Amino acid sequence: MENKITIREAVTKTDVAAFWEQLYNYFKGDIFPIPEDEDRAYFLGDEYRAHMQRIHSRPQDRCYYLFFCRGGQDIGFALPVIYNTEDGKCFIMEFCVFPEFRGDGTGKECARKLLDWSKENGAFYAELNYGSNARRLHFWKSVGFIENGVDEWGQPLMLLPPQDHNPITIEVLSDPEDWQLKKLENGFLKEIGEQTLTEERQAQLQQAIRHGRITFFVAKRGYRAVGMCSVARCFSTFACTDTGVFEDFYIEPVFRGKGIARKLAQAAQKWCKENGIASLTVCCAPCDEGMYQVLGFSIRLGATFAHLC
């Protein structure tokens, strides 16, 4: 029992001060080792600490200052947030085993202990950023996490797949500024090799949604948006009415193979019919033709050519 890893929450002023001291050491040693790094000053400054303290102090969806302990000694720490009011996501903001205790599977044991702790505190699954760090990517894969797109800022995400089977619903996006749309759009752009959204492009997209030039359909697993597609309107002189272009088709990797693609395509097709859209077309690579035919895009219209202005 002496070597069993346990978790304790930093509650007293002394413990909280010790937690932040170790967090700063971790930032300086592991995350921002170069003093000139632009982000280093922010994460070591008062603004970041005040921000996290507000999250720590709020009554719901708060973060926790946790220590990993073994044999009466602190050997690492974690900074998770559990979103109980959303879908039970545990977002692991920080995770560290102190350098002198690394190796011999200690990190994996701490990670599993943290995941057990999160379930006991109402979490159904876990998510984290890995910062494009190959070592952290390998570590979290070994614990069971899967690469799963990017966040609203374009940072790569990993997800420990949920074990529960919540139903998927399809909604028409109502809020152009929804942060989950930014997350999905960035995941889509990264997957096709494009740059993630800048603030200027985000504003342009939001304006197009408000003006009805493009409509987004979002697949939701409870609170969490896990997929999307869009219909962009354009006027056809051939039909003398609006037609639609099917775009932005993306499902988070963890949630693929569950019938979500079909549900999204059917929702877009039904919406077009109900809103006087004469036809819905999609432009795709040859390798995707079979998929789109299965999803109802069965009429071949010839080749598509473009001139990029």
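Hydrogens, waters and symmetry mates are skipped; everything else that's a heavy atom, side chains included, is used. Count residues from 1 along the sequence. Model, not experiment: these values are computed from the prediction.
- Look at D15 and R8 and you find a salt bridge, because one of the NZ, NE, NH1 or NH2 atoms lies within 4.0 Å of a carboxylate O, short of that distance.
- A cation-pi arrangement is absent between R40 and Y42, since the terminal nitrogen or guanidinium carbon is not both under 6.0 Å from the aromatic centre and inside a 45° cone about the axis.
- Outside the 6.0 Å centre-distance limit, the rings of Y130 and W140 are not counted as a close aromatic pair.
- You'll find the ring centres of Y65 and F77 outside the 6.0 Å limit.
- Electrostatic pairing of R210 and E177 counts as a salt bridge here, judged by a charged N lying under 4.0 Å from a carboxylate O.
- The distance between the ring centers of F246 and F297 falls below 6.0 angstrom.
- The ring pair (Phe, Tyr, Trp, His ring centres under 6.0 Å) search around H51 returns none, not counting sequence neighbours.
- Of all heavy-atom pairs between I168 and A219, the closest is CG2-CB, 4.0 Å.
- With R233 as the fixed residue, the side chain to side chain contact (heavy atoms under 4.5 Å, CB included) test singles out one of N275, V245, I214: N275.
- Under a 4.0 Å N-O distance rule, the pair D30/R102 qualifies as a salt bridge.
- Electrostatic pairing of R224 and E127 counts as a salt bridge here, judged by a charged N lying under 4.0 Å from a carboxylate O.
- Residues F68 and F95 bring their aromatic ring centres within 6.0 Å.
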